[in-house]
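For reference, the structure is listed below as structure tokens.
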Amino acid sequence: MSKVAGRTDWAEEEDEDSLALPPPQITKNKDGTETIVSYRIDENGKKVKTTRRIRKTVMKQVVNPRVAERKHWSKFGEEKGKPVGPQSDTTSIAENIVFRPSSNWKTNQSEEKNPIDKQKATLKDAKIKCRICSGEHWTSKCPFKDTMAPEGENAGAGAGTGAEEESAAPGLGPSNSSYVPPHLRGKSGVTGERMGGGKFGQERDDLATLRVTNVSEFAEEQDLRDMFTRFGHVTRVFLAKDRETGRAKGFAFVSYADRTDAARACEKMDGYGFHHLILRVEFAKKPTT
Amino acid sequence: MRPILLSGHTRALTQVKYSKDGDIIFSVSKDQIICAWYAANGERLGTYHGHQGALWTVDVDPTTTLLASGAADNTIRLWDVKTGKLLKTWDFGTAIKRVEFSPDGTQLLGVTERRQGHLSTIVVYDIVLDVEAEQADEHSLRIVCEDSKATVAGFSYGSKYIISGHEDGSVTQWDAKTGELLDSAQIQEDDMQITDLQWSSDRTYFITASKDKTAKLVAANDLRVLKTYVADTPLNSAAITPVKDYVILGGGQAAMDVTTTSARQGKFEARFYHKIFEEEIGRVRGHFGPLNYVAVDPQGKSYASGGEDGYVRLHHFDRGYFDFLYEVEREAEQANL
């Protein structure tokens, strides 16, 4: 019986507890700190016990007696009857502000300023790159857009240069359009290399392309075309030019429809004197076989 | 630096003032009440009720016993600082734009607005520094500003001159005893209103803020422009800091244009300039409306700004503020040691 009664007591006590919160307890610790245990009911109706351990330090400040006297004035007006200390409805602490005076504040500021201007500046410097020939112009303005496919597309499907396709390695061509499993790719020669991520200019008709270096800066594409068509059908001449000055940068690529023509041209034109310089001609990509 | 946000007002602040000891701050706003705050912790001491119109200005005497306020209800009122009791009311024909006690607290000046049939005037009252005493009904001096209306005014050192700032950007020096016009100088741009005039701690020079986006340091005895501080926004207020050689400028886009500009563009920041080198050394953000007034603790420990946004932000300076020195200052200090 007593047990049961005890239980009811316990249950009742718990019930009362949730209605009336126990008063906060303050215990003084040996090391000079205080432990405050307080209770409150949170928004879910649950009782929350908060234990805080604080240390009180007395800060002594010497002030003018006038000021000290004014500190104890009683409040008046709208504040009349309110307890001592800042009231939360009128006084609050704002977020921390870092204020570091500096002598070159202005210059620092102008650097940080205007993210938009900064973005514009980077855009201004950004290079335009053609997806077909990697030149510094829009793809749609590319002089080769009719004869060549953009980077990433099937090189063979580029243009009406069937000869190129035939002369190219067996890995290219029609078979290229179908899916090749990764483990087979390595064996299919050029395709594999292609996947390996060569630079664009070399991965197209690389087998019949010559790299011409030591080109005079006054050279024009037409000059090169004239010189190289002597050895066979030239599909493309690309002369790298400086964007600002419009002058040649000193190298060019010449692509032939036929690799044998390219080989002959390479042999004949290497060491050929053009303008005041001697051309150096080599295959853009060394044959894999 | 953690600012204390004082949110006792419901409308735009118009002026904020420290007591001479820097322990109490008085703020007035367009909501017709005056608030008194403890500067140390931002606790509100009380409010002063009685004005029937937007308050424009407030000042406290050097002993912190009497408080004067001027409002759009055409009155200057005198209050007991301690209890909030109204002691005296002076009635005028127009609104009061500025009140200020003389350095010894025995005189009070008021600047009245110009309106149809009324010229702008500066009136001076003799004050008995006692809460119980009966204050004079009649002014002891009345200066009429015929050319351009006065917007701000104050007493120079020893109550020798009254200096007034005008709507047309000029400052005028009057004899504080006779009211005689002694000197006048066009220091700001033409027709750019002087919005504020605050004194250095010894009252030998003062700083003006103007709508022409500059603040100027001017000598009181010959109205010579000593320094110019150039900002990028119209200024509403300027203050000289004691202890450190800085000035604080406050301003921002005019209240009527605020809704059309972003907070960033509004430039609602307190700008710190070095007083001697005239160079901007930093800014303090926080307000989301133009700063209508900046006040500096006469002890140099804090500053308060009142904004169009209805808040007073009270900033206690931290180490970085006091430690900052220019290279040349540091060298000079080394040489002295």
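Between K17(B) and D59(B), at least one side-chain N (NZ, or NE/NH1/NH2) sits under 4.0 Å from a carboxylate O, which counts as a salt bridge. A salt bridge does not link K227(B) to D245(B): none of the charged side-chain nitrogens sits closer than 4.0 Å to a carboxylate oxygen. Salt-bridge annotation for K241(A) and E220(A): present, with a side-chain N of the basic residue lying under 4.0 Å from a carboxylate O of the acidic one. For the pair D309(B) and R313(B), the salt-bridge criterion is not met [side-chain N within less than 4.0 Å of a carboxylate O]. A salt bridge is absent between D89(A) and R44(B); no separation between the charged side-chain nitrogens and carboxylate oxygens falls under 4.0 Å.
Looking at Q87(A), neither its backbone nor its side chain comes within 4.5 Å of chain B, counting heavy atoms on both sides. With a 4.5 Å cut-off on non-hydrogen atoms, E279(B) touches chain A through its side chain but not through its backbone. Contacts between D323(B) and chain A at a heavy-atom distance below 4.5 Å are absent for every atom of the residue. Heavy-atom distances place both the backbone and the side chain of T64(B) under 4.5 Å from chain A. Both the backbone and the side chain of V81(B) come within less than 4.5 Å of a heavy atom in chain A. Interface remark: I33(B) contributes side-chain atoms only to the contact with chain A (heavy atom separation under 4.5 Å). Contact annotation for Y38(B): only side-chain heavy atoms (C-beta onward) come within less than 4.5 Å of a heavy atom of chain A. The contact between N64(A) and chain B is made entirely by side chain atoms (from C-beta outward), counting heavy-atom distances below 4.5 Å. In this structure, chain B has no heavy atom under 4.5 Å from any part of V63(A). There is no contact between L325(B) and chain A, counting heavy-atom distances below 4.5 Å.
The only member of H316(B), M1(B), H315(B) that meets side chain to side chain contact (heavy atoms under 4.5 Å, CB included) when paired with S302(B) is H316(B). Each of Y326(B), F272(B), F324(B) was evaluated against F277(B); a single residue qualifies, Y326(B), per the ring pair (Phe, Tyr, Trp, His ring centres under 6.0 Å) test.
The most heavy-atom pairs under 4.5 Å with chain B, out of S74(A), G85(A), G77(A), come from G85(A). The candidate with the highest count of non-hydrogen atom pairs below 4.5 Å against chain A, out of I24(B), T83(B), N41(B), is T83(B).
Other residues, nucleotides and ligands contribute at most 12 non-hydrogen atoms within 6.0 Å of the NZ atom of K301(B).
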